[in-house]
Amino acid sequence: MIRTRAYAAQSKTSALAPFEVSRRSPGPEDVQIEILFCGVCHSDLHTARDEWHNTLYPSVPGHEIVGRVVAVGDQVRNFKAGDLAGVGCMVDSCGHCPSCAEGEEQYCENGFTGTYNGPVFGGENTYGGYSQTLVVKESFVLHIRHDEQDLARVAPLLCAGITTYSPLRHWGAGPGKKVGMVGLGGLGHMGVKIARAMGAHVVLFTTSASKVEDGKRLGAHEVCISTHPEQMAAYANQLDFILNTVAAPHNLDAYLHLLKRDGTMTLVGAPAEPHPSPGVFNLIFKRRRVAGSLIGGIRETQEMLDFCAEHDLASDIEIIPIDYINTAYERMLKSDVKYRFVIDMASLQQPSDGRQESSR
Ligand code: NAP
Ligand code: ZN
């Protein structure tokens, strides 16, 4: 067993604090990774605070993990010590159901194993990336092809990147398509960058007037402040596809009537409380659809990482030491982050007092 420093929540009301967890020694198919950076996803907060009512404690969140391989098992073929590597939201799945066979492990019919919080259908807890070391089966480890100096900005791709890339690809975002992105947070800002790089015409919908200029800098062709009814009215029946990344319950009808006939709004935001049910006439009169999408499979995650490396895309981040995590959660709840906190894991060894900002 390998003992590793970590940060954990011990209950839904306790702040995250230093904790030690054990990792298995690498087996023949395992890769051992020294974690260098870990992004802070809103799902980490939902889980640490048991907002989805399924949290196993102690809870060590973190599923936007990048680091360096330090050891590999003797059957590992595609990684060696010294390589950069990434791990996202999953560390295992059954491997034989129809979804796994199609490379859609996130929809594993027997339940994938989350990087934290264990198998989705229940089982032993797993501990995520707010820690120094991780041991993961090779088939769930990703190659990082960005320059090493961009590593911290690559971390958020492992969840925010794939969770937006996958539905944008699935619903055909590209040239000639008008795509709406709802919410400019961790997911939304990657969604804007990726949809733009795919060639779509991108309209950002934000509740924050202060994010209009950033929205354009990040790649949106147009920005609409969603709390202004007259701005929203201008987009009625205009959009082919909407990706809704909002982490709080809200009125979906405000966006549904922006879709063209046969348009789809896909929800990736997973609020603790349900959205009010959309009005049925908004759906039936134009054959519109509301859909959902969960992260993406391992093959597609590698495709997304390679796409982002090729298009020089990475996240806009604020680097934090781990002892800032509880403040970071409070700021995330106020939409006060541009646009992803990333933990510098060196701070688990040496307490640090400063933060750096970096963006692309
Ligand atoms: P985030 O960084 O907090 O961003 C959420 C954004 O939603 C905010 O920046 C804000 O954008 C908007 N927003 C927040 N509260 C709002 C409200 N009351 N009304 C309207 N807009 C509001 O969160 P994130 O990390 O991107 O995650 C977003 C959601 O996706 C979370 O629920 C997370 O758990 C979920 N998630 C799902 C998957 C999946 O596989 N489906 C994967 C990862 C995360 P503006 O300021 O621009 O309005
Ligand atoms: Zn996430």
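Atoms within each ligand, like the ligands themselves, are counted from 1 in listed order. Residue indices begin at 1 and follow the sequence shown.
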Residues Arg287, Asp262: salt bridge by 4.0 Å N-O rule: yes
Near ligand 1, at a heavy-atom separation below 4.0 Å: residues by chain and residue number: Cys41, His42, Ser43, His46, Trp52, Cys159, Thr163, Gly183, Leu184, Gly185, Gly186, Leu187, Thr206, Thr207, Ser208, Lys211, Thr245, Val246, Ala247, Ala248, Val268, Gly269, Ala270, Ser293, Leu294, Ile295, Met332, Ser335, Arg340
Single hit among His189, Lys193, Arg153, Arg340 for side chain to side chain donor-acceptor pair (under 3.5 Å) with Ser315: His189
Walk me through it: do Glu34 and Arg23 pass the test salt bridge (Lys or Arg N to Asp or Glu O under 4.0 Å)? CA-CA 12 Å; Glu34 179 201 359; Arg23 306 288 190 193; over 6 Å; no
Looking at Ala291 and Thr264, what are the two nearest heavy atoms and their distance? CB-CG2, 3.9 Å
Heavy-atom count around Glu273 CD within 6.0 Å, excluding the residue itself: above 12? no
Provide the protein N, O or S atoms situated under 2.8 Å from the Zn ion (ligand 2); waters are not included. Cys41 SG, His63 NE2, Cys159 SG
If you count the non-hydrogen atoms of other residues, nucleotides and ligands that lie under 6.0 Å from CD in Gln302, is the total more than 12? yes
CD (Glu230) with more than 12 external heavy atoms under 6.0 Å: yes
Is there a salt bridge (Lys or Arg N to Asp or Glu O under 4.0 Å) between Lys260 and Asp240? Walk through the geometry before answering. CA-CA 6 Å; Lys260 289 180 182 166; Asp240 295 285; 3.2 Å; yes
Taking the six-membered ring of Tyr329 (Phe, Tyr or Trp), confirm whether the NZ or CZ of Arg49 is under 6.0 Å from its centre and within 45° of its axis. no
